[in-house]
Amino acid sequence: MNELLPVSRVVDLGTAKLMPDVDRERAWLLTVDGAPQSYVDLDEPAHLEFEYTRRLGHVLDVVAEPGRALDVVHLGGGALTLPRYVAVTRPGSRQDVVEADRGLLELVTEHLPLPGGADVALHAADARAWLENASADSADVLVADVFSGSRVPAHLTSVAYVREAARVLRGSGVYLANLPDAAPFGFLRSQLATLADSFQELALIAEPGVLRGRRFGNAVLVAGSRAIDVAALARLTAADAFPARVEHGLSLRRFIGDARPVRDADAVPSPEPPDGAFGIG
């Protein structure tokens, strides 16, 4: 067996590295400027290594009956981990991936090919600009996992942006977002208030330690116009190696408190993570 060697390349928005996992034969970690972005196992595309990615995967599992094909838009590409997951767990799904870094897309598709038969269209574009030109009522699920460096860009945090996402989704569609924050959760609370401007149903998935203010971390936000299967989602997230809690209903409204929706004029990026929060040696 040939030894797999790391790959490093300067892409449009930083220096990307693909590093083989010594414990899994054809698995790779993608970093950009030292920050982990994605993990892919080419032999097992349904394997989700990162905690937040597993939580996004759990939501994708419960938004429709198992195996049903969906139309999915991914804002933020990374190593195309979730598009691979959808392709093998929901065969026949049509997917669009919007990634601002064309060089990163080229690196990933060159070294980490997509599963055979995957219907995935790749777009090198700004996420919001692409949404503004996308057809209405064209997606069942929209996944937002967009970072500039280690922060979510400000223009992807406002009411105007969320309204574009809601326009692209079908009436039964579901919006998912991976967002980082820490206590007192000013960013996360404002994002929930912003989503509530367009969606009736909200849920938040995060580790109890993050919600108790013990550390900086990722939260997955779920939004839609119909109720999601919170009980099934709670069972899946509780069974993970690092269990998470699902907040919804009254507890989530209390969490949001007096936070207000974010307008374009007031939008700011997500908080800068503390040193070492996501970095690797």
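Remember, predicted model here, so these are calculated numbers, not experimental data.
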List in chain and number order the residues that pass salt bridge (Lys or Arg N to Asp or Glu O under 4.0 Å) with Glu51, two or more places apart in sequence or in another chain; answer none if no residue qualifies.
-> Arg55
In terms of hydrophobic clusters joined by side-chain contacts under 4.5 Å, are Val220 and Ile228 together?
-> yes
Carboxylate-amine/guanidinium proximity below 4.0 Å for Asp71 and Arg94 = yes
Go through the structure and list residues passing side chain to side chain contact (heavy atoms under 4.5 Å, CB included) with Asp229, not counting sequence neighbours.
-> Ala231, Ala232
Value rounded to 0.5 Å, distance of CG in Leu131 from OH in Tyr161 | 6.0 Å
Apply side-chain contact (heavy atoms from CB on, under 4.5 Å) to Leu221 and Leu179, showing your working.
-> CA-CA 8 Å; Leu221 274 54; Leu179 300 176; 3.6 Å; yes
Not counting sequence neighbours, list each pair that qualifies as a side-chain hydrogen bond (donor to acceptor under 3.5 Å, both in side chains) and has a residue in residues 258-267.
-> Arg128-Asp264, Ser158-Asp264, Arg189-Asp258
Would you name the heavy atoms of Ala267 and Thr157 that are closest together and state the gap between them?
-> CB-OG1, 3.5 Å
Provide the closest heavy-atom pair for Gln191 versus Leu156 in the form atom of the first, atom of the second, distance.
-> OE1-O, 4.4 Å
Pairwise distance OH(Tyr39) to CG(Leu29) - rounded to 0.5 angstrom = 8.5 Å
Gap between atom CD1 of Ile256 and atom OG of Ser190 - 0.5 Å precision = 10.5 Å
Locate the shortest heavy-atom distance separating Val63 from Leu60; write the atom from each residue and the value.
-> CG2-O, 3.4 Å
Short question: side chain of Thr81, backbone of Ser38 - any donor-acceptor pair under 3.5 Å?
-> no
Between Leu30 and Leu104, does a side-chain contact (heavy atoms from CB on, under 4.5 Å) hold up when you go through it step by step?
-> CA-CA 10 Å; Leu30 168 69; Leu104 180 61; 4.0 Å; yes
With sequence neighbours left out, the residues meeting side chain to side chain donor-acceptor pair (under 3.5 Å) with His47 are Glu49
Does some side-chain heavy atom of Val120 sit less than 4.5 Å from a side-chain heavy atom of Leu80?
-> no
Within one Ile-Leu-Val-Met-Phe-Trp-Tyr cluster: Phe187 and Leu252, side-chain cutoff 4.5 Å = yes
Let me know which of Val159, Val162, Leu195 forms a side-chain contact (heavy atoms from CB on, under 4.5 Å) with Pro261.
-> Val159
Hey, does the side chain of Arg90 reach the backbone of Ala64 with a donor-acceptor pair shorter than 3.5 angstrom?
-> yes
Joint hydrophobic cluster, Val262 plus Tyr175, side-chain heavy atoms closer than 4.5 Å = no
Residue pairs, two or more places apart or on separate chains, that pass salt bridge (Lys or Arg N to Asp or Glu O under 4.0 Å) and touch residues 72-86 | none
Is there side-chain contact between His58 and Asp240, with at least one heavy-atom pair below 4.5 Å?
-> yes
Does any non-hydrogen side-chain atom of Val222 lie less than 4.5 Å from one of Val246?
-> no
Under the side chain to side chain donor-acceptor pair (under 3.5 Å) test, residues paired with Asp33 that sit two or more places apart = none
How many angstroms lie between CG in Leu107 and OG in Ser8, if you round to the nearest 0.5 Å?
-> 9.0 Å
Going by the salt bridge (Lys or Arg N to Asp or Glu O under 4.0 Å) test, which pairs reach into residues 211-226, not counting sequence neighbours?
-> Glu207-Arg215
Keeping to residues at least two apart or across chains, list the ring pair (Phe, Tyr, Trp, His ring centres under 6.0 Å) pairs with something in residues 85-105.
-> none
Among Asp145, Asn178, Thr53, which one satisfies side-chain hydrogen bond (donor to acceptor under 3.5 Å, both in side chains) with Asn218?
-> Asn178
Rounded to the nearest 0.5 Å, the CZ atom of Arg170 sits from the OG atom of Ser225 at a distance of 14.0 Å
With sequence neighbours excluded, what pairs up with Phe185 under the ring pair (Phe, Tyr, Trp, His ring centres under 6.0 Å) test?
-> Phe255
Residue pair Val40 / Val108, side-chain heavy-atom distance below 4.5 Å | no
Answer yes or no: is there a donor N or O on one side and an acceptor on the other, between the side chain of Ser251 and the main chain of His248, under 3.5 Å?
-> yes
Does anything in residues 95-117 pair up under salt bridge (Lys or Arg N to Asp or Glu O under 4.0 Å), and if so which pairs, sequence neighbours excluded?
-> Arg9-Glu110
What heavy-atom pair brings Phe242 and Arg54 nearest, and what distance separates the two atoms?
-> CD1-NH2, 4.4 Å
Given side-chain contact (heavy atoms from CB on, under 4.5 Å), test Leu188 with Leu204 step by step and report yes or no.
-> CA-CA 10 Å; Leu188 200 53; Leu204 179 152; 3.8 Å; yes
Rounded to the nearest 0.5 Å, how far apart are CG of Asp21 and CG of Asp41?
-> 8.0 Å
Between Leu236 and Leu82, is there a shared hydrophobic cluster once you connect ILVMFWY residues whose side-chain heavy atoms come closer than 4.5 Å?
-> yes
Set of side chain to side chain donor-acceptor pair (under 3.5 Å) partners for Arg163, sequence neighbours left out = Asp197
Non-hydrogen atoms of Ala100 and Leu13 that approach each other most closely = CB-CD1, 4.3 Å
Which atom of Pro271 lies closest to which atom of Phe216, heavy atoms considered | O-CZ, 4.0 Å
Show your working on side-chain contact (heavy atoms from CB on, under 4.5 Å) between His155 and Asp126 and close with a plain yes or no.
-> CA-CA 10 Å; His155 71 299; Asp126 173 78; 2.7 Å; yes
Treating Ile, Leu, Val, Met, Phe, Trp and Tyr as nodes and any side-chain heavy-atom pair under 4.5 angstrom as an edge, say whether Val268 and Val152 lie in one connected cluster.
-> no
Can you name the ring pair (Phe, Tyr, Trp, His ring centres under 6.0 Å) partners of Trp130, sequence neighbours left out?
-> His123
State, with a plain yes or no, whether a side-chain heavy atom of Leu176 is found less than 4.5 Å away from one of Val141.
-> yes
